[in-house]
Amino acid sequence: MEKGPLLYEGKAKKLFTTDTNNVLWVEYCDQATALNGARKEQIAGKGELNNQITSLIFEKLNRAGVTTHFIKQLSKTEQLNERVEIIPMEVVLRNVVAGSFAKRFGLEEGAVLSEPIVEFYYKNDALDDPFINDEHVKFLNIATDEEIAFLKAETRTINALLKKIWSEIGLTLVDFKLEFGRRADGTIILADEISPDTSRLWDAEGRHMDKDVFRRNIGDLIEVYTNVLTKLENGVK
Ligand code: TMP
């Protein structure tokens with residue numbers, strides 16, 4: 001397969017077309033951002049860690065029967081993905097109180113939610129990705145009632161699989177963000193990435209094994225992500 005021209009450059013990834021219809025060549029980059037891009041740093045090695053972690057997770061989800069955009073890993077920093085039209089919505093699922101949920105409701109981080117909670121955010125940098133409800137999703141023509149129901153159910157299914165994958169290596173899945181895309185035939189499939197950039201993972205001692213080490217300046221991102229990748233590769237706690 002031949003790599004074609006650059007199609008899109010995001011905060012952490014570059015998407016290239018290929019000579020094959022509907023296949024994208026994705027390169028993971030070393031940029032880390034926080035505060036919706038207001039803070040930016042180059043962290044050497046971050047791209048290859050996230051590409052390898054995301055590839056392993058998506059391989060596991062594909063094998064478990066989830067339909068995703070992931071085709072295969074090409075190199076340490078590159079993978080092939082099915083080209084879909086990204087739905088402009090971040091779907092967040094929370095198992096444990098943390099982050100903006102703790103802030104919004106004035107809660108301490110750490111309480112386990114009796115039922116996981118699914119939230120939607122409108123993907124719009126200029127507006128700082130605002131929190132939206134189902135009716136806003138319909139008003140903005142992002143998704144129909146049926147699609148909203150599918151997105152919620154699929155996210156809960158993926159949560160069950162991810163909780164198991166992470167717990168097998170001793171990590172608690174606190175919360176995570178997913179993005180979905182539409183194929184030309186209208187079907188919706190899981191897209192984007194699943195990594196410590198997009199998930200909160202706590203170890204048995206409550207240490208942050210995710211991007212919060214960068215957001216909160218409480219640790220070395222490369223050391224933490226390397227630890228996560230090594231555990232995933234070796235399947236050990
Ligand atoms: P939050 O507590 O800041 O709302 O984040 C919830 C989860 O979603 C957390 O695992 C980090 C992830 N996330 C992203 O991947 N991208 C984002 O832009 C935001 C705001 C959160």
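Counting starts at 1 for both ligands and their atoms, following the listed order.
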Exercise. Could you tell me whether R215 approaches ligand 1 through its side chain, its backbone, both or neither, with non-hydrogen atoms closer than 4.0 Å?
Key: side chain
Exercise. Mind checking whether S199 contacts ligand 1 via backbone (N, CA, C, O), side chain (CB onward), both or neither, at a 4.0 Å heavy-atom cut-off?
Key: backbone
Quiz item: Taking all atoms of both residues into account, what is the closest heavy-atom pair of I194 and S199, and its distance?
Solution: CG2-OG, 4.0 Å
Who's the nearest protein heavy-atom neighbour of [atom], and how far?
atom                    : answer
atom 7 (C) of ligand 1  : D175 OD1, 3.5 Å
atom 17 (C) of ligand 1 : E90 OE1, 3.5 Å
atom 16 (N) of ligand 1 : K177 CE, 3.7 Å
atom 3 (O) of ligand 1  : R200 NH2, 3.8 Å

Self-check item: E193: which of Q79, K13, K177 passes side-chain hydrogen bond (donor to acceptor under 3.5 Å, both in side chains)
Solution: K13
Quiz prompt | Identified side-chain hydrogen bond (donor to acceptor under 3.5 Å, both in side chains) partner of K11 from the options D125, D197, T33 | solution =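 Option passing the side-chain hydrogen bond (donor to acceptor under 3.5 Å, both in side chains) with K11: D125.
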Quiz item: Can a donor-acceptor pair be found between the side chains of N51 and T77 at a distance below 3.5 Å?
Solution: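 There is no such pair between these side chains.
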Practice problem: Say whether R83 and T20, considering side chains only, have a donor N or O and an acceptor N or O under 3.5 Å apart. | Solution: no
Quiz prompt | Residue-ligand contact D197/ligand 1, heavy atom below 4.0 Å | solution =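 Judged by the 4.0 Å heavy-atom criterion, D197 does count as contacting ligand 1.
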Quiz item: For ligand 1, is R94 a contact, meaning one of its heavy atoms is under 4.0 Å away?
Solution: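 Yes; R94 lies near enough to ligand 1 that a heavy-atom distance drops under 4.0 Å.
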Quiz item: Relative to F58, does R63 satisfy both conditions: NZ or CZ under 6.0 angstrom from the six-membered ring centre, and within 45 degrees of the ring's axis?
Solution: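 Ring-cation test returns no.
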Quiz prompt | Ring-face cation of R94 near F176 (centre distance under 6.0 Å, axis angle within 45°) | solution = no
Quiz item: In ligand 1, which numbered atoms sit nearer than 4.0 Å to a non-hydrogen atom of G99?
Solution: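 The list of qualifying atoms is 2 (O).
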Exercise. Report the C-alpha separation of E85 and R183 in whole Å, then their side-chain angles, then the decisive distance to 0.1 Å, and conclude whether the salt bridge (charged side-chain N to carboxylate O under 4.0 Å, His left out) test is met.
Key: CA-CA 7 Å; E85 192 193 322; R183 286 175 163 156; over 6 Å; no
Quiz prompt | Any protein heavy atom < 4.0 Å from atom 21 (C) of ligand 1 | solution = no
Quiz prompt | Nitrogen or oxygen atoms of S100 and ligand 1 under 3.5 Å apart | solution =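 For ligand 1, there is an N or O atom that lies under 3.5 Å from one belonging to S100.
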